[in-house]
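Working notes, structure below.
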Amino acid sequence: MVTNSRILLENTVVQGGGNIVSDMGGEKVMLSVVNGKYYNLGEIGGEIWELIKSPIIITKIVDLLTSNYQVEESLCQQQVILFLEHLFNEGLIEKR
């Protein structure tokens, strides 16, 4: 379990506003109108992005991903937290 992080498994997250997102070959590509940067979220990142359209607790994201992919829960938790921390640090998501 990841505990030494600004984003915790117990947090609820949701997409922030001001982003234009498009599908390109199965991957999500996003332009942040606020900071003027482009982001390639990749395939799994795009799936997470879709899951956080509405507020969702991070443990639910991990549950959904581990049920759809063959990945150890602890590794999935670490990767999801790292991904969400990156989005949070870029101001692309909100934490509740």
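Following chains of ILVMFWY side-chain contacts shorter than 4.5 Å, one cannot reach Leu65 starting from Leu82, and the two form parts of different hydrophobic clusters.
Under the rule for a side chain to side chain donor-acceptor pair (under 3.5 Å), Thr66 has no partner lying at least two apart in sequence or in another chain. Legend: residues meeting side chain to side chain contact (heavy atoms under 4.5 Å, CB included) with Glu43, ordered by chain and number and at least two apart, are absent.
Formation of a donor-acceptor pair under 3.5 Å by the Asn11 side chain with backbone atoms of Leu8 is found in this model.
Between Leu41 and Leu87 the shortest side-chain heavy-atom distance falls below 4.5 Å. Under the 4.5 Å side-chain criterion, counting only non-hydrogen atoms from C-beta, Lys53 is not in contact with Val14. Between Phe83 and Gln78, every side-chain heavy-atom pair lies at or beyond the 4.5 Å cut-off.
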Sequence neighbours left out, cut at 3.5 Å: what donor-acceptor pairs do the side chains of residues 88-96 make with other protein atoms?
| from | atom 1 | to | atom 2 | distance (Å) |
| --- | --- | --- | --- | --- |
| Asn89 | OD1 | Arg6 | NH2 | 3.0 |
| Asn89 | ND2 | Glu85 | O | 3.2 |
| Glu90 | OE1 | Lys37 | NZ | 3.2 |
| Glu90 | OE1 | Tyr39 | OH | 2.6 |
| Lys95 | NZ | Arg6 | O | 2.9 |

Donor-acceptor pairs are to be reported for all side-chain atoms of residues 55-63 against protein atoms at under 3.5 Å, with residues two or more places apart or in another chain.
none

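Counting Ile, Leu, Val, Met, Phe, Trp and Tyr side chains that sit under 4.5 Å apart, directly or through other members, Leu31 shares a hydrophobic cluster with Ile20, Val33, Tyr38. Using a 4.5 Å cut-off between side-chain heavy atoms of Ile, Leu, Val, Met, Phe, Trp and Tyr, Met24 falls into a hydrophobic cluster with Val29.
Rounding to the nearest 0.5 Å places CH2 of Trp49 at 10.0 Å from CG of Leu84.
The side-chain hydrogen bond (donor to acceptor under 3.5 Å, both in side chains) analysis of residues 12-26, with sequence neighbours excluded, yields the pairs Asp23-Lys28.
Residue Ile81 comes nearest to Leu9 through the heavy atom pair CD1-N, 3.9 Å, listed as atom of the first residue, atom of the second, then distance.
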